[in-house]
Amino acid sequence: MSKKLKIGLFGFGVVGQGLHDIIRGQDLNLEIVKIAIKNPEKKRSLDAHLFTTNHDEILDNSEINTIVELIDDAEVAYNIVKRALISGKNVVSANKKMIATHLAELVELQEKHNSSLLYEGAVCGSIPIIRNLEEYYDNELLHGISGIFNGSSNYILSKIFNENLEYGVALKQAQDLGFAESNPILDVGGYDPKFKLAIATAHAYGLFIDPNKILNIGIQNLSEHDIKYAREKNFKIKLVPTARKISTKQIVTYVLPKFVKSDDFLFNVENEYNGVTVQAAFADKQFFFGKGAGGHPTGAAVLSDIAALRYDYRYEYKKYHQNNGLVHTDNVNIEVYLRYTHEYTLDKLQIDNIIERFSRNDYKYVIGNVSLKSLLANRDLLEQKDIFIAHTGRYTYTDQQILKISEEEVLFN
């Protein structure tokens, strides 16, 4: 038998309303007791007595046994979730920044206070990637996980490549449809997928990584020159977060625009859809596809977590507790396309093994190797408007790393 959930809901925006739409009229053995909102003046479709601006009215209510947190502010969300877990209430959250930033502490709080925090809706919208990493792949050796984790940036790139829209027009469309964050740089700058990647890496490899140590370069500097180059090569540009093993004990993570070939699963992932590729030693390559933005797709993921709490489900963080000796590193070279203006950019980034170069007054680019360590050290430089960088999909390993990499990992390149 499932237990009845008495829910305190924080936030009634796009996802909160989407969740309410889904559960309305269904017999799910749950009840939304109270909804915390920020703006009491805004007209709502539900009875006024359901709403409150006082967080304590929910968090101190002994009748409420489940908190659903769906607000934008990561610090406020952290305080809500922390208080709820300490008081023994179970929590469902979709706040990727909050979870990625505080995950190690939140895991400890769950264990100490016998509570559960679930957050499927925080990563890739409707795609159940966290539950699959936690359960299906719990004993798998994963070579890599990558994909399209941000529906807003993918929508923009789809409109640019498929409909020849200008970047600014495509961004405005994404915002009007509710796909983009209130601050669009969180999406187009690669911050949103970076937080999601940090969470996915915790379940894929058992590593709690500080998001500040994950490189994120976005698409905000994309120009007509970069688009034309990709088209001439029959590529599309996608914003791709990646976590992968480069040796038996080393994991690299980054978020970069990537030239995607037509035979790549991600090539046909368009608009607000997300796609996740998992490369495993035994299950081989598998692909997950679904909507990554919007109230109903994300609301469906949140409801899945709520339903699981009726049966006392919790993440076990098996790979973290295995103490498998994996470490996070930036010791890898990748091949990139770099559009630039000043020659000193090449020297500062230490681009080498250049295999292609083009230069004219209004457009310069090279294709060559660069270390992930150098990219991390020069993040400010890479954000300048006259620079755009994209991963070609190729890596360069040291001799020592090659000796350690399994045959399957080499084939994954």
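The figures here come from the full heavy-atom set of this structure, side chains too, leaving out hydrogens, waters and symmetry mates.
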Where [X] and [Y] come nearest, the two heavy atoms and their spacing:
X	Y	value
R357	L346	NH1-CD1, 3.8 Å
I58	I35	CD1-C, 4.1 Å
A77	I71	N-CD1, 3.8 Å
G368	I351	CA-CG2, 4.2 Å
Q175	P184	NE2-CG, 3.6 Å
V269	G275	CG1-N, 4.0 Å

Is there a donor-acceptor pair under 3.5 Å between the side chain of [X] and the backbone N or O of [Y]?
X	Y	answer
R310	A307	yes
T298	V15	no
S116	Y313	yes
S126	K291	yes
D305	V302	no
D330	L372	no
E140	Y136	no
E134	H203	no
D73	E75	yes
K364	E343	no

Open item on the list: Less than 6.0 angstrom from the centroid, inside 45 degrees of the normal: does R44 satisfy that with respect to the ring of F12?
Closed with: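 So R44 doesn't make the cation-pi contact.
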- [ ] Identify whether NZ of Lys or CZ of Arg in R231 sits under 6.0 Å from the centre of the six-membered ring of F161 and within 45° of that ring's axis.
- [x]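 Cation-pi check for R231 and F161: passes.
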Under 4.5 Å between any side-chain heavy atoms of [X] and [Y], yes or no?
X	Y	value
Y229	I367	yes
Y273	I148	no
I129	I145	yes
V370	L338	no
L197	N216	no
I387	T341	no
L118	L309	yes
D210	H328	no

- [ ] With ring pair (Phe, Tyr, Trp, His ring centres under 6.0 Å) as the test, would you mind laying out the steps for F289 and F265 before giving the verdict?
- [x] CA-CA 9 Å; F289 173 81; F265 290 134; over 10 Å; no
Count the heavy atoms of every other residue, nucleotide or ligand shown that sit under 6.0 Å from [atom1] of [X], and state whether that count exceeds 12.
X	atom1	result
K38	NZ	no
K348	NZ	no
E105	CD	yes
Y320	OH	no
E31	CD	yes
K236	NZ	yes

First locate atom [atom1] of [X], then atom [atom2] of [Y], and finally report the distance between them rounded to the nearest 0.5 Å.
X	Y	atom1	atom2	result
K196	C124	NZ	SG	6.0 Å
L256	T392	CG	OG1	10.5 Å
N378	I217	CG	CD1	9.5 Å
I306	N29	CD1	CG	13.0 Å
M98	D72	CE	CG	12.0 Å
K249	N324	NZ	CG	6.0 Å

Task: Candidate pair H391 and Y337, rule ring pair (Phe, Tyr, Trp, His ring centres under 6.0 Å), full reasoning - done: CA-CA 6 Å; H391 187 205; Y337 159 95; over 10 Å; no
Task: Candidate pair E270 and N154, rule side-chain hydrogen bond (donor to acceptor under 3.5 Å, both in side chains), full reasoning - done: CA-CA 6 Å; E270 303 288 12; N154 198 52; 5.2 Å; no
Looking at [Y] and [X], is any side-chain nitrogen of the basic one under 4.0 Å from a carboxylate oxygen of the acidic one?
X	Y	result
R131	E135	no
E63	K34	no
D362	R360	yes
K159	E166	no

Task: Between H321 and E111: side-chain donor-acceptor atoms closer than 3.5 Å - done: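 The criterion, which ignores hydrogens and geometry beyond distance, is satisfied for E111 and H321.
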Open item on the list: Whether the N150 and D192 side chains hold a donor-acceptor pair (N or O, under 3.5 Å, no angle test) is what I'd like checked.
Closed with: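 Short answer, yes.
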Open item on the list: Pair I237, I160 - check side-chain contact (heavy atoms from CB on, under 4.5 Å), show working.
Closed with: CA-CA 10 Å; I237 296 174; I160 289 171; over 6 Å; no
TODO: With side-chain contact (heavy atoms from CB on, under 4.5 Å) as the test, would you mind laying out the steps for S115 and V91 before giving the verdict?
DONE: CA-CA 8 Å; S115 47; V91 181; over 6 Å; no
TODO: Could you tell me whether Y119 and Y315 have their ring centroids closer than 6.0 angstrom?
DONE: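 Between Y315 and Y119, which both carry aromatic rings, the centre distance is below 6.0 Å.
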Task: Chi angles and distances behind the side-chain contact (heavy atoms from CB on, under 4.5 Å) call for E335, N353 - done: CA-CA 9 Å; E335 187 180 271; N353 294 332; over 6 Å; no
TODO: Using the side-chain contact (heavy atoms from CB on, under 4.5 Å) rule, take R314 and N114 through it: C-alpha gap first, then chi angles, then the decisive distance, then the call.
DONE: CA-CA 10 Å; R314 64 182 58 199; N114 194 31; 3.2 Å; yes
- [ ] Check the angle between the aromatic planes of Y365 and F358 and answer parallel, tilted or perpendicular using the 30° and 60° thresholds.
- [x]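 Ring orientation of Y365 relative to F358: parallel.
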- [ ] Let me know which of I37, L59, V68 forms a side chain to side chain contact (heavy atoms under 4.5 Å, CB included) with F10.
- [x]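 Of the listed residues I37, L59, V68, the side chain to side chain contact (heavy atoms under 4.5 Å, CB included) partner of F10 is L59.
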